Peer 1: 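Take this structure, written in structure tokens, and hold onto it; I'll ask about it next.
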2 protein chains.
Amino acid sequence: MTTTPTASLAERKRQLVADELTRAALGLLAQKGFDAVTVDEIAACAGMSKRTFFRYFASKEDVVVQFLAGLGAGMRAELASRPAGEPPSAALRHAVRACVDACAGQAERTLRVVRLILGTPALHARFLEHQAQWRDELAAELAARLGLDAAALHPRLAAGTALTAFDVVLQQWSSGDGSEDPAALTDRAFATLAPALDATPR
Amino acid sequence: MTTTPTASLAERKRQLVADELTRAALGLLAQKGFDAVTVDEIAACAGMSKRTFFRYFASKEDVVVQFLAGLGAGMRAELASRPAGEPPSAALRHAVRACVDACAGQAERTLRVVRLILGTPALHARFLEHQAQWRDELAAELAARLGLDAAALHPRLAAGTALTAFDVVLQQWSSGDGSEDPAALTDRAFATLAPALDATPR
DNA sequence: CCTCGCGTGTCACCAAGTGTCAAGGAGGTC
DNA sequence: GACCTCCTTGACACTTGGTGACACGCGAGG
């Protein structure tokens, strides 16, 4: 049940196809723009049919946005792994930093994708939708840390505020030439926001 | 205020048709769900053709989201009209309050629309896209007030944080039975966030 | 009476997705 | 090697969102 070699093989084959589709898609989309490329084109460029594309990605937006899919999970995991005594501002800062550092790690690739997303309304919308999901998850994690109700105002506000910082940092980073250090931007943002994040909820 | 009567007449006719389409759409969508209603249906219910629908609304999402379209402009106008000496937290609070009060003014209608939006991924995405636009506008206004660069970190953070508050308040309000006072929620949220909004940018 | 402008309906068309079915390859059994 | 089974894929048809082109009807003004 754990990891039979056959399952692992099938899984790797699947991953291979997905990677090829992603590669073809990112290349074409970055070059010609989101609306000017059809799914048929992407599939043909990857050497398969449109139907296969949709077996791997739920939508044309998905192939771009899923490139960032792991970030949300990583952020929540990082937040969950922070020591319990740490103030929320520091814990959230580390969580966002985990994300930002992952992005900065493959800077040129990430920059291309982020610019594509921020410059394409349809993609931006999907990205924000993902972020809304992350916000709920971060809020739940935060509520657990603080012993509060997950539906309360404060954890949601704090999670949303932290994600706003992430958003602004991405925007700032991608609008420049990429030379600005996103980690430093993140720390500056959290220095401003810390008092609100650590406030005692009434 | 009114310009020439002829232009006003055409404008009012247009508005009439748009209202009829909106009415038909909101009725059907709230009743059957977003995906279960086709544009053909909406148009037929309003007594016109699909083509006409798309002459009034850019997309199926638009007919729902445009119902809230004025909010962003109202928020920015309110922010612009606040006295220059007021601290950012108070000015932003009043701006968001203007929005929230407008929503609370037609509570049952707004609640229906907001629940529809928050419960439909496609609509939620479009809504967030609008909000991103508002954020840029609020940041620009704020930068002008504070004499900062509109692309700087601080105005964007403050605008995003204020909108997070708006978002959380809407979410909280719509998830309850509507009896909770959104204005009070807004004030509580801003009480937490104020120190971050009024912080001096470095 | 004509015609000009405007809004609308009709039709054709493209692209995003989805359901369905048949073909083919990888692996296991006799 | 023959057979069977599972899984992936391609081909095709279909629905729906959305757009472009054109024709029709109608009121205003010559």
Side-chain angles (χ1 to χ4, degrees), chain A residues 1 3-22 24-25 28-29 32-66 116 120-126 129, chain B residues 3-22 24-26 28-29 32-66 116-117 120-127 129:
Chain A
M1 184 58 181
T3 55
T4 76
T6 65
S8 161
L9 175 62
E11 201 49 48
R12 271 179 297 170
K13 275 166 69 178
R14 237 191 114 71
Q15 190 59 48
L16 213 65
V17 177
D19 285 348
E20 180 60 19
L21 279 170
T22 302
L28 284 175
L29 293 177
K32 303 175 59 177
F34 187 77
D35 293 327
V37 177
T38 70
V39 174
D40 274 306
E41 247 179 302
I42 296 172
C45 176
M48 39 198 101
S49 74
K50 183 182 80 163
R51 196 63 187 87
T52 297
F53 176 94
F54 284 110
R55 288 193 177 99
Y56 283 83
F57 300 99
S59 68
K60 190 174 148 191
E61 290 96 31
D62 203 33
V63 70
V64 182
V65 172
Q66 199 165 88
L116 183 62
T120 307
L123 287 173
H124 196 190
R126 295 285 179 159
E129 218 182 322
Chain B
T3 56
T4 76
T6 64
S8 160
L9 175 63
E11 204 47 50
R12 271 179 296 170
K13 275 166 69 180
R14 233 191 119 70
Q15 191 58 47
L16 212 65
V17 177
D19 285 350
E20 181 61 20
L21 279 170
T22 302
L26 290 187
L28 284 175
L29 294 176
K32 304 174 60 178
F34 187 77
D35 293 327
V37 178
T38 69
V39 175
D40 273 308
E41 247 179 302
I42 296 173
C45 176
M48 39 198 98
S49 75
K50 182 182 82 162
R51 196 65 188 85
T52 298
F53 176 93
F54 283 109
R55 288 194 177 101
Y56 283 83
F57 300 100
S59 69
K60 189 174 151 191
E61 290 95 29
D62 203 33
V63 70
V64 182
V65 172
Q66 198 166 87
L116 184 61
I117 291 177
T120 309
L123 288 173
H124 196 190
R126 293 287 179 156
F127 174 61
E129 216 182 323

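Predicted model, so just to flag it, every value in this text is computed and none were measured. Letters go in sequence order (proteins before strands), and every chain restarts at 1.
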Peer 1: What does Lys13(A) touch in the nucleic acid at a heavy-atom separation under 4.0 angstrom: a base, only the sugar-phosphate, or nothing?
Peer 2: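 No contact at all - Lys13(A) keeps every heavy atom at 4.0 Å or more from the nucleic acid.
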
Peer 1: For the pair Lys50(A) (side chain) and Glu41(A) (backbone), establish whether a donor and an acceptor sit closer than 3.5 Å, ignoring hydrogens and angles.
Peer 2: no

Peer 1: Return the value, rounded to whole Å, for the distance between atom CG of Asp40(A) and atom P of dA11(D).
Peer 2: 11 Å

Peer 1: Nearest to the side chain of Val17(A), heavy atoms from C-beta on, is which of dG17(D), dT9(D), dG10(D)?
Peer 2: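 The answer is dT9(D), which lies nearest to the side chain.
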
Peer 1: Looking at dT10(C), dG18(D), dA16(C), which one has an atom nearest to any side-chain atom of Ser49(B)?
Peer 2: dT10(C)

Peer 1: Would you mind telling me which of dA11(D), dA16(C), dG17(D) lies closest to the side-chain atoms of Lys50(B)?
Peer 2: dG17(D)

Peer 1: Quick one, Phe53(B) and Val63(B) - any side-chain contact, counting heavy atoms below 4.5 Å?
Peer 2: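 Result yes, sub-4.5 Å side-chain heavy-atom pair found.
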
Peer 1: Using whole Å, what does the distance between atom P of nucleotide dC7(D) and atom CD of Glu11(A) come to?
Peer 2: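 Whole-Å distance recorded here is 13 Å.
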
Peer 1: Would you kindly give the CD1-to-P distance between Ile42(A) and dG17(C), to the nearest whole Å?
Peer 2: 10 Å

Peer 1: When the distance from CG of Leu16(B) to C1' of dT8(C) is rounded to whole Å, what number comes out?
Peer 2: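 So the CG-C1' distance, Leu16(B) to dT8(C), works out to 15 Å.
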
Peer 1: Starting at atom CZ of Phe54(B), determine the distance to atom P of dT8(C), rounded to an integer number of angstrom.
Peer 2: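 Rounded to whole Å, this separation is 15 Å.
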
Peer 1: The side chain of Arg55(A) lies closest to which of these nucleotides: dT16(D), dG17(C), dT20(C)?
Peer 2: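 Nearest listed nucleotide: dT20(C).
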
Peer 1: Can you tell me the distance, in whole Å, between the CG atom of Asp62(B) and the P atom of dG18(D)?
Peer 2: 9 Å

Peer 1: Which nucleotide sits closest to the side chain of Thr38(B): dC11(C), dT16(D), dG10(D)?
Peer 2: dT16(D)

Peer 1: Side-chain N or O of Tyr56(A) less than 4.0 angstrom from OP1 or OP2 on dT8(D)?
Peer 2: no

Peer 1: Take the protein atom CZ of Phe53(B) and the nucleotide atom C1' of dG9(C), then report the distance between them rounded to whole Å.
Peer 2: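 It is 17 Å, rounded to the nearest whole Å.
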
Peer 1: Quick one: does Thr120(A)'s side chain get under 4.5 Å of His124(A)'s, heavy atoms only?
Peer 2: no

Peer 1: Identify which nucleotide among dA16(C), dT18(C), dG18(D) has an atom closest to any side-chain atom of Glu61(B), counting heavy atoms from C-beta outward.
Peer 2: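 Among dA16(C), dT18(C), dG18(D), the one nearest the side chain of Glu61(B) is dG18(D).
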
Peer 1: What is the distance from NZ of Lys60(A) to P of dA15(C), rounded to the nearest Å?
Peer 2: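 Interatomic distance, NZ of Lys60(A) to P of dA15(C): 9 Å.
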
Peer 1: Between Asp35(A) and Arg51(A), which residue's closest nucleotide on DNA chain C lies nearer the 5′ terminus?
Peer 2: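 On the 5' side of the pair lies Asp35(A).
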
Peer 1: Do Phe54(B) and Val39(B) have side chains that approach each other closer than 4.5 Å (heavy atoms only, starting at C-beta)?
Peer 2: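 Yes, close enough: below the 4.5 Å cut-off.
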
Peer 1: Side chain to side chain contact (heavy atoms under 4.5 Å, CB included), that's the test. Do Met48(B) and Val17(B) meet it? Break it down for me.
Peer 2: CA-CA 9 Å; Met48(B) 39 198 98; Val17(B) 177; 3.7 Å; yes

Peer 1: Counting side-chain heavy atoms from CB outward, which of dT20(C), dG17(D), dA16(C) is closest to Val39(A)?
Peer 2: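 The closest nucleotide is dA16(C).
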
Peer 1: If you check the Thr52(A) side chain, which of dG20(D), dG17(D), dT9(D) turns out closest?
Peer 2: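 From the listed options, dT9(D) comes nearest.
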
